[in-house]
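Just below is one structure, and these are the notes that go with it.
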2 protein chains.
Amino acid sequence: MKTGTLDIKKVKKVAFILKAIGNPLRIAIIDVLRVNEELAVSEISRQLEAEQSLVSHNLLNMKLKGILDSRREGKNIFYRLKLKEVLKVIECMENCDMEDL
Amino acid sequence: MKTGTLDIKKVKKVAFILKAIGNPLRIAIIDVLRVNEELAVSEISRQLEAEQSLVSHNLLNMKLKGILDSRREGKNIFYRLKLKEVLKVIECMENCDMEDL
DNA sequence: TGAATATATAAACATATATTCATATGTTAC
DNA sequence: GTAACATATGAATATATGTTTATATATTCA
């Protein structure tokens with residue numbers, strides 16, 4: 001594959017990130033971390049009413065990709081947004097009118 | 001699943017669109033359509049050095065989702081960006097420093 | 001009509017992703 | 001030490017996605 005104005009590395013990087021956050025639960029996680037700065041897994045799980053394990057999988061997934069960061073404090077592990085740009089991305093998309101499929 | 005500040009519909013919509021464009025070839029397609037306004041399938045295929053069929057699949061995919069639009073002119077079918085917001089999304093992501101995986 | 005061109009479609013396949021469940025690990029308090 | 005809690009991990013599974021190949025459809029032009 002060739003590319004146009006963006007070089008191939010940038011194309012891949014952009015695709016990588018968008019794919020990484022392109023999932024309802026992960027968008028919701030990012031959204032609660034927009035408001036709360038830092039949250040424990042159990043707290044995210046509780047707020048989103050999603051299984052602990054599922055939340056954990058997705059948190060680790062995004063951490064691995066550099067989107068989130070975490071630190072332990074006692075029994076809890078607190079996650080926070082690392083790649084703040086994803087907030088802008090979500091804001092960009094919030095108000096566009098799509099024919100709902 | 002519950003959600004935070006965004007309602008569940010918006011969360012799903014945002015995820016839907018980001019997932020839809022989160023692929024290197026599709027980012028590259030959007031990128032050439034940023035510069036060219038309107039392009040035939042064969043021209044996109046040629047510029048990106050990607051198989052006609054693969055390009056066609058991805059164009060139709062994005063058209064179905066409301067991201068692109070197309071019109072026929074003789075033997076050619078010209079595609080164009082419909083959901084311009086995706087350009088902003090890509091721009092948002094262009095310059096963030098990710099630890100490359 | 002038939003040849004040439006452009007695009008779409010469908011089948012087949014490999015690979016990736018989302019989700020659940022059960023279990024392991026790490027931490028605190030007793 | 002053990003109990004209780006928080007989180008991670010791994011297996012298993014269903015489903016979705018990306019890609020190729022071959023073929024069908026539409027259009028133009030001779």
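Every chain is numbered from 1 and lettered A, B, ... according to where its sequence line falls, protein lines coming before strand lines.
- Here CD1 of B/I30 is found 4.5 Å from CD1 of B/I90. Values are rounded to the nearest 0.5 Å.
- Atom CD1 of A/I29 is separated from atom P of D/dT7 by 13 Å (rounded to the nearest Å).
- In this structure, the side chains of B/V89 and B/I17 stay at 4.5 Å or more apart for every pair of heavy atoms.
- Among D/dG18, D/dG10, D/dA22, the nucleotide with an atom closest to any side-chain atom of B/S53 is D/dA22.
- In plain terms, the two heavy atoms of B/S42 and B/N76 that are nearest each other are OG-OD1, 4.1 Å.
- DNA chain C is contacted by B/A40, B/V41, B/S42 of residues 35-50 of chain B, taking any non-hydrogen atom closer than 4.0 Å.
- Of all non-hydrogen atoms in B/G4 and A/V32, the two that sit nearest each other are CA-CG1, 4.2 Å.
- At a threshold of 4.0 angstrom between heavy atoms, the contacts of A/N58 with the nucleic acid are absent.
- When rounded to the nearest whole Å, the span between CG of B/L25 and P of D/dG18 equals 10 Å.
- In DNA chain D, runs of at least 3 consecutive Watson-Crick or G-U pairs, each pair with both distances below 3.5 Å, span C:1-30 with D:1-30.
- Of all heavy-atom pairs spanning B/L25 and B/N23, the tightest one is N-OD1, 3.0 Å.
- Atoms CG and CG, from A/D69 and A/L59 in turn, are 12.0 Å apart once rounded to the nearest 0.5 Å.
- Nearest approach of B/P24 to A/V11, heavy atoms of both residues: O-CG1, 3.3 Å.
- When DNA chain C is scanned 5' to 3' for any atom under 4.0 Å from a heavy atom of chain A, the first and last hits are C/dT17 to C/dT28.
- Here the closest non-hydrogen pair linking A/S45 and A/E51 is OG-C, 3.8 Å.
- A/R80 meets the side chain to side chain donor-acceptor pair (under 3.5 Å) test with A/E37, A/E38; sequence neighbours excluded.
- Atom-to-atom distance recorded for A/R26:CZ and A/D31:CG is 15.0 Å, nearest 0.5 angstrom.
- In this structure the side chain of B/I27 never reaches within 4.5 angstrom of the side chain of A/F16, judged on heavy atoms.
- Within the structure, every pair that satisfies the side chain to side chain donor-acceptor pair (under 3.5 Å) test and touches residues 84-95 of chain A, not counting sequence neighbours, is listed here: A/R34-A/E91.
- B/L60 comes within 4.0 angstrom of the backbone, heavy atoms only, and of no base.
- Toward the 5' end of DNA chain D, the nearer of the two residues B/N23 and B/Q52, judged by each one's closest nucleotide, is B/N23.
- Atom CZ in A/R71 sits about 15 Å away from atom C1' in D/dT7, given to the nearest Å.
- Here B/F78 contributes atom CZ and B/L33 contributes atom CG; the two are 11.5 Å apart, rounded to the nearest 0.5 Å.
- The stretch residues 72-81 of chain B touches DNA chain C through B/K75, B/N76, B/I77, B/Y79, each having a heavy atom within less than 4.0 Å of the strand.
- Rounding to whole angstrom units, NZ of residue B/K65 and C1' of D/dA16 are separated by 10 Å.
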